Novice: 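I have a structure here, written as structure tokens, and I will follow up with some questions on it.
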There are 2 protein chains.
Amino acid sequence: MDSSPGARLATLLLGAFDAMVAQVVADLEERGHPGVTATLEFALAAIADGAQDASALGRRLGVSKQAAAKTIATLEQLGYVHRESDPKDARRKVLAVTSRGRDMTAIGAARFDELRRRWSDAVGPERVAQVEAALAVLADGERP
Amino acid sequence: MDSSPGARLATLLLGAFDAMVAQVVADLEERGHPGVTATLEFALAAIADGAQDASALGRRLGVSKQAAAKTIATLEQLGYVHRESDPKDARRKVLAVTSRGRDMTAIGAARFDELRRRWSDAVGPERVAQVEAALAVLADGERP
DNA sequence: CTCAGATAGACAACTAGGTTGTCTGATCGT
DNA sequence: ACGATCAGACAACCTAGTTGTCTATCTGAG
């Protein structure tokens, strides 16, 4: 028995996240994107969404720019992003998502959305909205 | 804009988990338990809850017994558990939570429960039950 | 116009938390 | 009584992050 309801809630949150990610990663692997991890998928989505260099990506993901640079190096090796020098700022390397990268993020987003939709079918759409609102409160983590 | 509602849900789940854990870890640090991570707290709770050796702990936490053994080594170094040979089975090293360990799990559980209670006050107790039930469905991850 | 300070990125060393594989020794079931 | 299973130790490795240091470049206030 996991006697603390609070700890049980935390376990549930992590379990739900892990279940979603595991299924998305498995689907990506089946559809021609082996070796993609949740970190890589989220990073690529952030790049596609406007994080155009390593520093910006680090800020967006809440990690150091060095960590972001490592993730970018992996994404580049796997052919998901392309880096080129910014003619307007010699310090920057501007990131561009490749067509293979767009394929990967499209599959990832579609699978995440499908999981959410199936879950919505199971628990009811009104519950989904309630859960998401309640989770936002919890994630906000207002300190005493 | 994080345009995929599914990915946004996953981010929300992880964000809620991280917010809870960060506050519990900060509280543990303030109350005389610096250096305690979420992994250590969850492992110690599982040991206290009956996972009496490394293999059992690994099974309980869903990790390899080698990973569990490393966590136990850290817990032992920090004075949270004590290992001794099982007179009935010479292969086993039986785990026992020390009094300092009991102090740590008590603080951790209290803080997790307090966070859940404050959240319950904010969103309403009936929502909490709905969210937990819905999360259990999601975490179950029924495959297509 | 200059120069101090902020910023982008590269490189290195380190940590946490996990993995797989191999090995020894102890126990259990048929 | 012996083969299969199980507990644990040890090693090598991986991912994803950290901090610190360094250089090059850009920017804004005097």
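Just so we're clear, the structure is a prediction, and the values are computed from it rather than from any experiment.
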Novice: Using the test ring-ring contact (aromatic ring centres under 6.0 Å, His included), find all partners of B:F112 that sit at least two apart in sequence or belong to another chain.
Specialist: B:F42
Novice: For A:T74, report the nucleic acid contact type (base, sugar-phosphate, nothing); a contact means any heavy atom under 4.0 Å.
Specialist: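 The residue A:T74 makes no contact with any strand.
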Novice: Using side-chain heavy atoms (C-beta onward) and a distance below 4.5 Å, is A:L14 in contact with B:L13?
Specialist: no
Novice: Strictly below 4.0 Å, heavy-atom distances to any atom of DNA chain D: list the hits from residues 61-72 of chain B, or just say none.
Specialist: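 Residues of residues 61-72 of chain B under 4.0 Å from DNA chain D: B:K65, B:Q66, B:K70.
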Novice: How about A:T105 and A:I47: do any of their side-chain heavy atoms sit closer than 4.5 Å?
Specialist: no
Novice: Please report, rounded to the nearest Å, how far the C1' atom of C:dG9 is from the CG atom of A:L57.
Specialist: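 Value for this atom pair: 13 Å.
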Novice: Give me the atom names and distance for the closest heavy-atom approach of B:A19 to A:A139.
Specialist: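 Closest approach of B:A19 to A:A139: CB-O, 3.5 Å.
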Novice: Taking only residues two or more places apart in sequence, or in another chain, which ones meet A:R91 in a side chain to side chain donor-acceptor pair (under 3.5 Å)?
Specialist: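 With neighbours one apart ignored, the set is A:D89.
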Novice: Check every nucleotide of DNA chain D for an atom under 4.0 Å from a heavy-atom of chain B, then give the first and the last such nucleotide from 5' to 3'.
Specialist: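 In short, chain B contacts DNA chain D from D:dC6 to D:dA12.
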Novice: With a 4.5 Å heavy-atom cut-off, do A:T74 and A:L40 have their side chains touching?
Specialist: yes
Novice: How would you list all residue pairs meeting salt bridge (Lys or Arg N to Asp or Glu O under 4.0 Å) that involve residues 124-137 of chain A, not counting sequence neighbours?
Specialist: A:R116-A:E132
Novice: Does anything in residues 61-77 of chain A form a salt bridge (Lys or Arg N to Asp or Glu O under 4.0 Å)? List the pairs, not counting sequence neighbours.
Specialist: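 Every salt bridge (Lys or Arg N to Asp or Glu O under 4.0 Å) pair that includes a residue of residues 61-77 of chain A, provided the two are not neighbours, is A:E76-A:R83.
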Novice: Does B:Q66 have any side chain to side chain donor-acceptor pair (under 3.5 Å) partners at least two apart in sequence or in another chain, and if so, which?
Specialist: none
Novice: Can you pull out how bent the helix from C:dC1-D:dG30 to C:dT30-D:dA1 is, comparing the axes over its first five and last five pairs, to 10°?
Specialist: 30°
Novice: For the residue pair B:Q23 and B:D27, establish whether any side-chain heavy-atom pair is separated by less than 4.5 Å.
Specialist: no
Novice: Please name all residues satisfying side chain to side chain donor-acceptor pair (under 3.5 Å) with A:R92, sequence neighbours left out, ordered by chain then number.
Specialist: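 Result, side chain to side chain donor-acceptor pair (under 3.5 Å) vs A:R92: A:D53, A:D86.
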Novice: Please answer whether the main-chain N or O of B:A134 pairs with a side-chain N or O of A:W119 as donor and acceptor at a distance below 3.5 Å.
Specialist: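 Such a contact is found between A:W119 side chain and B:A134 backbone.
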Novice: Kindly state which residues belonging to residues 86-95 of chain B come within less than 4.0 angstrom of DNA chain C, counting heavy atoms of the residue only, listed by number.
Specialist: B:K88, B:D89, B:A90, B:R91
Novice: Heavy-atom contacts under 4.0 Å between residues 76-85 of chain A and DNA chain C, which residues?
Specialist: A:R83
Novice: Would you say A:H33 and A:V36 make side-chain contact, with heavy atoms under 4.5 Å?
Specialist: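 Contact flag for A:H33/A:V36 side chains = yes.
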Novice: Tell me, please, which residues at least two apart from A:D18 pass side chain to side chain donor-acceptor pair (under 3.5 Å).
Specialist: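 A:D18 satisfies side chain to side chain donor-acceptor pair (under 3.5 Å) with no residue once adjacent residues are dropped.
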Novice: With distance as the sole test, does A:T98 use its side chain to make a donor-acceptor pair with the main-chain N or O of A:G79 at under 3.5 Å?
Specialist: yes
